[in-house]
Asks: 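Shown below is the structure under consideration.
Residues: numbered from 1 along the sequence shown. Everything numeric here is computed off the predicted structure, so don't read it as measured data.
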Amino acid sequence: MLSGLTGFVQLRKGLCYGMFKLLDKAEEWICAIMLFFMAILAFVNVVVRYLTTFSFAFSEELLVNLFVWITMLGASIAMRKGALLGVTFLVDRLPVAFKKAASVLVTLCGVVLFILLAYHGVDMVRSEYRSGMTTYSMALPMWIFGIAVPVCAFLLIVRTIQRGVIEWKELSLQDVHQISSSAEVKIK
């Protein structure tokens, strides 16, 4: 019975790991493709404007809206990698137990922030959908671009929890290492 349960837990861990790896690659590839498309569009628009009096009116609108997607996806990638800006001067000087508490508090605050962002993002998309708002030059529904906020806020919730779990595990390893180091000192 126990070996079956252990196998199930291992299978679940493997599936979660695989899903996170797939999400990691999807985020990075979507950002790269959007950024490449934005660079090409901006370059072509500048060349066309320089050589003619014509300009792609839609390009600025599209670039700004794609920039929102890239910014939100980039924040999710940065959260996953632990690369978001943080001030850790005081926390770095705390004992491991207090670091763990601070990590939990920061994770909870981040999750609450991104839940609020998702809630207001959904409200914004609903409002754009109901009102039938369209973009000025492309006449596309605004909610298509606005959906970046709740979708990426959900990703940020997942990544914040993921980062919190990683930090907890790292701090637990530090705690075990400190305990084993102090035990070795007492033995000598």
Asks: Please walk me through it: do Leu63 and Phe67 pass side-chain contact (heavy atoms from CB on, under 4.5 Å)?
Replies: CA-CA 6 Å; Leu63 290 172; Phe67 188 73; over 6 Å; no
Asks: Would you call Arg80 and Glu27 a side-chain contact if the rule is heavy atoms closer than 4.5 Å?
Replies: yes
Asks: Side-chain contact test, heavy atoms from C-beta onward, threshold under 4.5 Å: evaluate it for Lys100 versus Trp168 and give yes or no.
Replies: yes
Asks: Quick one: closest heavy-atom pair of Ala148 and Val68, and the distance?
Replies: CB-CG1, 4.2 Å
Asks: Would you call Pro141 and Tyr129 a side-chain contact if the rule is heavy atoms closer than 4.5 Å?
Replies: no
Asks: Between the side chains of Asp24 and Arg159, is the shortest nitrogen-to-carboxylate-oxygen separation below 4.0 Å, so that they form an ion pair?
Replies: yes
Asks: Check step by step if side-chain contact (heavy atoms from CB on, under 4.5 Å) holds for Phe145 and Leu140.
Replies: CA-CA 9 Å; Phe145 297 109; Leu140 291 173; 4.1 Å; yes
Asks: So which atom in Val149 and which in Gly121 form the shortest heavy-atom distance, rounded to 0.1 Å?
Replies: CG1-CA, 3.8 Å
Asks: If we only count heavy atoms from C-beta on, is the Ile144 to Asn65 side-chain gap below 4.5 Å?
Replies: no
Asks: Is the backbone of Ala57 close enough, under 3.5 Å, to the side chain of Ser55 for a donor and an acceptor to pair up by distance?
Replies: no
Asks: Does atom CZ (Phe154) have a neighbourhood of more than 12 heavy atoms from anything else shown, all under 6.0 Å?
Replies: no
Asks: What heavy-atom pair brings Thr160 and Met79 nearest, and what distance separates the two atoms?
Replies: OG1-CE, 3.4 Å
Asks: Is the shortest heavy-atom distance from the side chain of Lys99 to the side chain of Gln174 under 4.5 Å?
Replies: yes
Asks: Could you walk me through whether Ile70 and Met38 satisfy the side-chain contact (heavy atoms from CB on, under 4.5 Å) test, starting with their C-alpha distance in whole Å, then the side-chain angles of each, then the deciding distance to 0.1 Å, before giving a yes or no?
Replies: CA-CA 10 Å; Ile70 286 178; Met38 288 172 62; 3.3 Å; yes
Asks: Ignoring hydrogens and geometry, is there a side-chain-to-backbone donor-acceptor pair from Thr135 to Ala139 under 3.5 Å?
Replies: yes
Asks: State, to 0.1 Å, how close Gly74 and Cys31 come at their nearest heavy-atom pair, and which atoms those are.
Replies: N-SG, 4.0 Å
Asks: Hey, what do you get for OG (Ser76) to CD (Glu28), rounding to the nearest 0.5 Å?
Replies: 10.0 Å
Asks: Taking only distance into account, with no hydrogens and no angle test, what donor-acceptor pairs under 3.5 Å do side-chain atoms of residues 104-114 form with protein atoms, sequence neighbours excluded?
Replies:
from	atom 1	to	atom 2	distance (Å)
Thr107	OG1	Ser103	O	2.8

Asks: State, with a plain yes or no, whether a side-chain heavy atom of Val91 is found less than 4.5 Å away from one of Phe98.
Replies: no
Asks: Between Met138 and Phe54, is there a shared hydrophobic cluster once you connect ILVMFWY residues whose side-chain heavy atoms come closer than 4.5 Å?
Replies: yes
Asks: Quick one: does Met142's side chain get under 4.5 Å of Ser131's, heavy atoms only?
Replies: no
Asks: Counting distance only, does the side-chain N/O of Thr52 pair as donor-acceptor with the main-chain N or O of Arg49 below 3.5 Å?
Replies: no
Asks: How about Asn45 and Tyr50: do any of their side-chain heavy atoms sit closer than 4.5 Å?
Replies: no
Asks: Please round to the nearest 0.5 Å and tell me the distance separating atom CG of Leu73 and atom SG of Cys152.
Replies: 4.0 Å
Asks: Which distance, rounded to the nearest 0.5 Å, do you find between the CZ of Arg93 and the OG1 of Thr88?
Replies: 8.0 Å
Asks: Between atom CD1 of Ile147 and atom CE of Met124, what is the distance when rounded to the nearest 0.5 Å?
Replies: 9.0 Å
Asks: Going through the checks in order, is the side-chain contact (heavy atoms from CB on, under 4.5 Å) test met by Ile157 and Ile115?
Replies: CA-CA 7 Å; Ile157 291 167; Ile115 286 172; 3.6 Å; yes
Asks: Looking at CD1 of Ile161 and CD1 of Ile166, how far apart are the two atoms once the value is rounded to the nearest 0.5 Å?
Replies: 12.0 Å
Asks: Would the distance check show the side chain of Glu128 and the main-chain N or O of Met133 forming a donor-acceptor pair, the cut-off being under 3.5 Å?
Replies: no
Asks: Measuring from atom CD1 of Ile77 to atom CG of Leu155, what distance do you get when rounded to the nearest 0.5 angstrom?
Replies: 9.5 Å
